Every structure is written in C-alpha cells, then in structure tokens.
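None of the values given here were measured: they were computed from a predicted structure. Residues take their numbers from the sequence shown, with the count starting at 1.
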Amino acid sequence: MAKQHLTEDTPLLRTPDMYQIENDAPITEYADQTLDLIADARTTGVPEGANAFCSVGKEKRGTVQMQLFARIDPASDTFEQVGFRSHGCLAAIACAAALSQMLPGKSLEEALSITRSDIEAVTGPIPKGRDYTLFYGVEAVKALVGDYVLREKKVDLAALDQVVRCERMSMECLLTENCSLRDSRVDVELGDNW
C-alpha cells in the first residue's frame, strides 16, 4: 500500500473510524510525524474478541471523541490488541492512533503510567490550542482499564478505585466532559435504585 500524505489541499479526513469534523488548525501547524501517524493508521476499528471499551471527549454529542477498544488477556492482564475510532480534530485522531500502537504488550499498570509526554513522543508536537487532546488520551487509558476491570473482573467501586482512581472535579475530569468510565461508575453507584 502506498503511503498517503496529508497536505493543506487534502479534504477533511473522513473514514468509518477517523472523522475530521473541521479544519481546526492549519495543517501546516501539525508535525510531519503527526500527519504520517494518521495517514498510516492501521489499528482502526474494533479488534476481534475485544473485552474493553472506552469513550472520552468533549460534549456528550461527541464534538471531539476518542474511542478505544481492546482485547486484554484475562490470565495476564496484558493488552493484546487495541483499535480506535476518533472524530474531531486531527490531534484527537493522532492521540487515539498513538495509543492503539502504544498499549499492546503492556500490563494494566504500565498502561496507567502513560503520560501526556509519552503520547506526544509518538504523535509529535500537538499544536497549541489542541494539546487538550493529550489529556483525553491519558483519561482514555484510565477509562479503558477501568472498563476492563469492571467488565471482566466484576469488581465493586472500592476495588476499582484501587486500580483506577477517579478524581472527581480534578482538572482532567472537568476537561473531559464525556467519559465512559465516569458514566459506568454512576451506573454502578445507582445500581437497582435507578
């Protein structure tokens, strides 16, 4: 397959798994590393046998949205395969693509130690004004691990907090308007009372 190059003349990126909804920043503000990561993304979609899912972003209707899907080995709690879907700006797409490459082979603990700087090392520099997507990337990993622990390990919220601490009203929590793990926590808290 020939390498695709994104340029200023490239129309909005629209595939089933990557959907750019606006010309957010001039494409010239993105590093070649970022554009190459997006153009060569091969880990889109849902991996076969996925047993963990997350969705994070801005606005409930998904103005900027990052979804990660993973197959995690329950015997070793190690990521085997990760796919993504993302829409919004190129930075959000790049962060999701980077995480789908970074997570396979990592344990849950190693995944939770991924920082914004780690993601940016893979994406290349993110334009100012779009660097909030790096926060979404870190929160997406937490939500993905949390979903796996809730779904596969069937733990209660106290046990979940031992793995993935939810820091309500933190800057990251407030910035991430839409978080599937926060929604799952609310569902568990409400239980049969809802």
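- Under a 3.5 Å cut-off, the side chain of Ser86 and the backbone N or O of Gln65 do form a donor-acceptor pair.
- In this structure, Gln33 contributes its side chain and Ala121 its backbone to a donor-acceptor pair below 3.5 Å.
- When atom types are taken as modelled, the side chain of Ser180 and the backbone of Cys54 share no donor-acceptor pair closer than 3.5 angstrom.
- Partner of Leu181 under the side-chain contact (heavy atoms from CB on, under 4.5 Å) criterion, chosen from Asp147, Leu160, Val186: Leu160.
- Side-chain atoms of Asp118 and Thr115 form a donor-acceptor pair, as typed in the model, at a separation below 3.5 Å.
- What you find for Ala98 and Val122 is that their closest heavy atoms are CB-CG1, 3.6 Å.
- In this structure, Arg182 contributes its side chain and Thr176 its backbone to a donor-acceptor pair below 3.5 Å.
- Not one N or O on the side chain of Arg185 forms a donor-acceptor pair closer than 3.5 Å with the backbone of Leu157.
- For Asp131, the CG atom sits in a packed shell: over 12 heavy atoms of surrounding residues, nucleotides or ligands are nearer than 6.0 Å.
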From CA spacing to verdict: side chain to side chain contact (heavy atoms under 4.5 Å, CB included), Phe53, Val46: CA-CA 9 Å; Phe53 160 79; Val46 182; over 6 Å; no
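- Between the SG atom of Cys95 and the CE atom of Met66 there is a distance of 5.0 Å, given to the nearest 0.5 Å.
- Thr123 OG1 to Leu90 CG: the interatomic distance, rounded to the nearest 0.5 Å, is 11.5 Å.
- A donor-acceptor pair is defined here as one N or O able to donate and one able to accept, closer than 3.5 Å; such a pair exists between the side chain of Glu120 and the backbone of Ile126.
- Of all heavy-atom pairs between Ala92 and His87, the closest is CB-O, 4.5 Å.
- Asn51 places a side-chain N or O within 3.5 Å of a backbone atom of Ile72 that can act as its donor or acceptor partner.
- Counting only distance, with no hydrogens or angles, the side chain of Arg116 and the backbone of Gly137 share no donor-acceptor pair below 3.5 Å.
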